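Chain letters run A, B, ... following the sequence lines, proteins first, then strands; residues in each count from 1. Below, each value reflects all heavy atoms present in this structure, side chains not excepted, and no hydrogens, waters or symmetry copies. Computed from a predicted structure; not experimentally measured.
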There are 2 protein chains.
Amino acid sequence: MTRQEATHAQRIPLNRDRVLRAAVVLADAIGIEALSMRRLAQELDVVPMALYKHVANKEELLDGMADAVVGEVDPPAAGPDWQRVVRDRILSARRALLRHPWAARVIESRTGPTPAVLAYLDSMAGTFRGGGLSADLTHHVMHAMGSRLLGFSQELFDTSASAASAGPPDPALAAAYPHIAELASTAAHDGGTTPNGGCDDQFEFEFALDLLLNGFETLRREGWTSTRTP
Amino acid sequence: MTRQEATHAQRIPLNRDRVLRAAVVLADAIGIEALSMRRLAQELDVVPMALYKHVANKEELLDGMADAVVGEVDPPAAGPDWQRVVRDRILSARRALLRHPWAARVIESRTGPTPAVLAYLDSMAGTFRGGGLSADLTHHVMHAMGSRLLGFSQELFDTSASAASAGPPDPALAAAYPHIAELASTAAHDGGTTPNGGCDDQFEFEFALDLLLNGFETLRREGWTSTRTP
DNA sequence: ACCTGAACACCGTTCAAGT
DNA sequence: ACCTGAACACCGTTCAAGT
């Protein structure tokens, strides 16, 4: 009996869940740009067209992958402090995104929100409302948070992969961009406990998150409404 | 003389600038996902390989397109009020992104910052420093702003294209996502001057922007440093 | 009725043949 | 030396032929 035949004999029948889980694992391993229907089929030991039984097309596959990652986010903790509940959940979402580096890009590329994302956003809106924010304020707060609600860093570039973080600063670059050079050197002096060239991504994320949450709480306390400007 | 020959006779020689400008115009017209080297070459009436004389590969083409859009952003206005200078420039960047709907996605997909982006960020850092923010605070402020510095809305989905904005609310969806339904209905009552189902993207953008800028100003006034938490 | 291999209409890019 | 058409190694997806 050849290896091929043995594999065929003990093959578990495909289903949507197995397809999606395999896609997530494969994207983690080889990157989202290398994930193709053909490559995924090969990994599952089936002919490419077999995937189309469980997924209408590649877009639907990506939808399912996005929902799988969002499904990894912790449910909201019970507690009286809405800022704490929101903060903890967003940090959980951030950890999910860090486990799957392709996920942020895939979620963002969906043309509309998937069911799991809608459920997540609905739950988040409920936490704000339960914390005493008006429907009006909650609406604008949700928009202001945007993708940060799902743990997106919203940075322009991945600083850990940046050239600035590897080795000593380039004098030519420092001359061309003096203010950026100043910020980079300031960060490097910043205690020295940071692993890369000086940017602690977790600190930057929490800095922005807390600034926003504190801003929201101030508006709530002041009874802000959209008829007045912030 | 055929049309083909006439076109060939009066052909302007290609150069990098003409290639990039044509790519921007073409992406505006047919969308970034339809922009291929082959399609661009056809538009310029040259053989596909001719493009590779002026651009190393497609990634470099996209780099150039990103820089072309960033180059459309107004230079910083002179003025004593740093919040005003930053605000006006970011709103100019936002208008540039709205003129080229593909640009945000392309800029985000660059693996590192392009020269025009570096120059822009350097200039922005200079405005913060000139406004009296410490190098330490400026560093964290730049991270907290992230892609918003370049006018990115940072929303999860384009609300104007959302199904929620077209027609009356779906009762089934409202039952599944009650808090989201509440926010949508609140927005719809919100004066009634908004063009779509209730979300004024410009208002939401400025709300978040001003919240952040005001937060930064408060930290500056308080003499915040990263050794203390916000 | 079901499955699936070949085919279609594309990609970005390499490369060698032609001028 | 330069230009360029054909070719390569891929895509996602259609479709018809085979069982």
Only counting residues at least two apart or in another chain, list the ones meeting salt bridge (charged side-chain N to carboxylate O under 4.0 Å, His left out) with [X].
| X | answer |
| --- | --- |
| B/R87 | B/E206, B/D210 |
| A/D28 | none |
| A/R148 | none |
| A/R110 | A/E59, A/D63 |

Legend entry - For B/A116, all residues meeting side-chain contact (heavy atoms from CB on, under 4.5 Å), sequence neighbours excluded: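 B/A116 satisfies side-chain contact (heavy atoms from CB on, under 4.5 Å) with B/D67, B/V70 only.
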Inset, instruction - Tell me, please, which residues at least two apart from B/A176 pass side-chain contact (heavy atoms from CB on, under 4.5 Å). - result: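 Once residues adjacent in sequence are excluded, B/A176 has no partner under the side-chain contact (heavy atoms from CB on, under 4.5 Å) criterion.
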Legend entry - Distance-only polar pair, side chains of B/S147 and B/Q154, donor-acceptor under 3.5 Å: yes
Inset, instruction - Keeping the roles fixed (side chain from A/D122, backbone from B/I180), state whether a donor-acceptor pair exists under 3.5 Å. - result: yes
Inset, instruction - Could you tell me whether a side-chain N or O of A/Y120 sits under 3.5 Å from a main-chain N or O of A/V73, the two making a donor and an acceptor? - result: no
Inset, instruction - For residues 97-109 of chain A, pull every pair meeting salt bridge (charged side-chain N to carboxylate O under 4.0 Å, His left out), keeping only residues two or more places apart or in separate chains. - result: A/E72-A/R99
Legend entry - Ring centers of B/H140, A/F203 separated by less than 6.0 Å: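 Centroid separation for B/H140 and A/F203: below 6.0 Å.
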Inset, instruction - Starting at atom CG of A/L62, determine the distance to atom C1' of D/dC11, rounded to an integer number of angstrom. - result: 14 Å
Legend entry - Interatomic distance, B/L51 CG vs D/dG5 P [rounded to whole Å]: 13 Å
Inset, instruction - Sort and list the pairs that fulfil ring pair (Phe, Tyr, Trp, His ring centres under 6.0 Å) and have at least one residue in residues 88-112 of chain B, not counting sequence neighbours. - result: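 Matches after skipping sequence neighbours: B/H100-B/W102.
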Report all interatomic pairs (protein N or O, nucleotide N or O of nucleotides 1-3 of chain D) with separations under 3.5 Å.
from	atom 1	to	atom 2	distance (Å)
D/dC3	OP2	B/K53	NZ	3.0

Inset, instruction - Anything under 30° is parallel, anything over 60° is perpendicular, the rest tilted; go ahead and classify B/F216 against B/F128. - result: perpendicular
Legend entry - Interface with DNA chain C, restricted to residues 23-31 of chain A and to heavy atoms under 4.0 Å: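 Per residue number, the list is empty: none.
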Inset, instruction - Represent DNA chain C in dot-bracket notation, 5' to 3'. Only Watson-Crick or G-U wobble pairs with both distances under 3.5 Å count; pseudoknot-style crossings use [ ] and interstrand partners use |. - result: ||.|||||...|||||.||
Report, one pair per line, the protein and nucleotides 12-19 of chain D atoms (nitrogen or oxygen only) whose separation is under 3.5 Å.
from	atom 1	to	atom 2	distance (Å)
D/dG12	OP1	A/M37	N	3.1
D/dG12	OP1	A/K58	NZ	3.1
D/dG12	OP2	A/M37	N	3.1
D/dG12	N7	A/R38	NH1	2.3
D/dG12	O6	A/R38	NH1	3.0
D/dT13	OP2	A/Y52	OH	2.8
D/dT13	OP2	A/K58	N	3.0

